[in-house]
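Input: a single structure, listed below in structure tokens.
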Amino acid sequence: MQKRKYIIITGGVISSLGKGILAASIGRLLVSRGFTVSMMKLDPYINVDPGTMNPYQHGEVFVTEDGAETDLDLGHYERFTGIPTSRLSNVTTGQIYGAVIEKERRGEYLGHTVQVIPHITDEIKERIKIVGDKHNSDFIICEIGGTVGDIESLPFLEAVRQMRNEVGRRNLMYIHLTLVPHPITAGEPKTKPTQHSVKSLREIGISPDMICTRSERQLTEKIRKKISWTCDIDIESVISIPDTDFIYNVPVILKNERLDDYILKYFGMDSRVDTFDLWIDFVSKYNQSKNEVRVGIVGKYIDLIDSYMSINEALVHAGVYNNVRVIRRYISSEEIEKRGEGALLGLDAILVPGGFGERGIEGKIMACNYARKSKVPFLGICLGLQCALISFVREVCNLSGANSTEFKPDAQYKIIDIMEEQKRIKNLGGTMRLGLYPCKLKDGTVAYRYYGKKIVYERHRHRFEANNEYKEIIEKSGGIFSGINEELDLMEIFEIGDHPFYVSSQFHPEFASRPLTPHPLFIGFIEAAVTQKNKRNL
Ligand code: GLN
């Protein structure tokens, strides 16, 4: 058997160059060549996970199948490679120190002074190796968060520096992502920031084997050569990534640069398989779709679209499937509260995403009402299901005092309530209903039609649940619980009949959508949006 190969991705010059997309794209190229990959991200912050972080600071929290609350880059990894990540795939400084301190308390260090080197670095190396063992993968692609030169990422860089020696020179490759700016006054792209960033990396003891450059345009031969000799790397391993407005185009750019061939050559590997055409088909289909549908996303983080990353992507996937471009309109639920339903007019579909806290809730409930009454296709996710139910009970069952105890602890009708087990929990981090749970679908429902199977497994992240006490009343008024968790006796999907598409789920379907296999509920939602638009244009 081949020895496992490690690809370490670092970033230089500035942050936000897209290391996550680069790592994910490399993963896609290797998967297309028939290899298995495990993706992971090392995050230098001290939080144990991003679960308790504010979306403004961290963007979306991506939930793995096994219920870890992780960095949104893991979402890119899963979407690009099609391979699920796990709680092992996102390691933070907080987790590393937590584990080392616990070991110290248990006396595992036998009285030694516990230090960054070797104890913290050993723990980091261990975490990287474990991922590959668990999934028995050919490659581990490991992205190091932050930018070279940050104090916080030093222990991670030192750990991966040591690793090359341990696993063997030809089993580990360093890829460095930098920026080649094109200042108007200079008249040509500048390589100096790249040279400096490589110099900083060398000071830590790491010499990159490949340099990927972000730049406005494709690098010229002259610039490639300059990077090659100033940074001392092969010319074929200077990879040019010009700006693109479609992230799924990045693997195509890398393929054209023959990045996968270089990696395989570096490791002395061979592969006769190449299924990358499927990916190219997806990208061409996106480029060819001319018709548009407008989907309103009613939330409170509308000025930070990273908070809805997986939803945005799931809409793109389902759009390509239905041959349309999905134009997203972010609508502030607080604006709807202030100015009424006007902002919702002219949309082909409405989506109410997940969220926490009371702010903007009534606006979301108004959007659920509007979509139901005006027969606009609707998808509610997590908090979106809870709002759809509150709106239904207030308006259709005529119980106007309906609410969730998250927003009104003494609500007259507690339609959404916290479960007994959750009431006893004091810690905020990692204590929600998290990860995969089974959901049994009811024959003859919209959900069943799109899933096409009886039992599905979906990812959750919430504390509150639809209250069973109101199940009968809701069903008598025409509400349909098309998906339930039998074991826990919980309602997971709520839909209504006599409507083009009005479906909401307690789980997050967006985490499971992939470019080549869009999520069934998103497919149905966009299909209904297209029908709705065509009808309006008749
Ligand atoms: N705040 C709600 C709950 O905790 C919904 C959470 C969500 O939308 N992810 O149940």
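Any value given below was found using the heavy atoms of this structure, including those in side chains, with hydrogens, waters and symmetry copies removed. As the structure lists them, so they are numbered: ligands from 1, and atoms in each ligand from 1. Please read all numbers here as calculations on a predicted model, not as lab measurements.
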* To do: Scan residues 391-402 for pairs that pass salt bridge (charged side-chain N to carboxylate O under 4.0 Å, His left out), counting only residues two or more places apart or in two chains.
  => E362-R394, K373-E395
* To do: Quick one: which residue pairs count as a salt bridge (charged side-chain N to carboxylate O under 4.0 Å, His left out) with a foot in residues 384-393, not counting sequence neighbours?
  => none
N/O pairs closer than 3.5 Å, ligand 1 and protein:
| residue | atom | partner | partner atom | Å |
| --- | --- | --- | --- | --- |
| ligand 1 | 1 (N) | G355 | O | 3.0 |
| ligand 1 | 1 (N) | E406 | OE1 | 2.7 |
| ligand 1 | 1 (N) | E406 | OE2 | 3.1 |
| ligand 1 | 4 (O) | R463 | N | 3.0 |
| ligand 1 | 8 (O) | G355 | N | 2.9 |
| ligand 1 | 8 (O) | G355 | O | 3.4 |
| ligand 1 | 8 (O) | L383 | N | 3.0 |
| ligand 1 | 9 (N) | R461 | O | 2.9 |
| ligand 1 | 9 (N) | H508 | NE2 | 3.3 |
| ligand 1 | 10 (O) | Q386 | NE2 | 3.1 |
| ligand 1 | 10 (O) | R463 | N | 3.2 |
| ligand 1 | 10 (O) | F464 | N | 2.8 |

* Asked: Is a side-chain N or O of D150 found less than 3.5 angstrom from the main chain of T147, in a donor-acceptor match?
  -> yes
* Spatial distance of atom CD1 (I474) from atom CD1 (I496) [nearest 0.5 Å] -> 12.5 Å
* What is the distance from atom NZ of K41 to atom NZ of K19, rounded to the nearest 0.5 Å? -> 6.5 Å
* To do: Could I get the full list of salt bridge (Lys or Arg N to Asp or Glu O under 4.0 Å) partners for R329, not counting sequence neighbours?
  => none
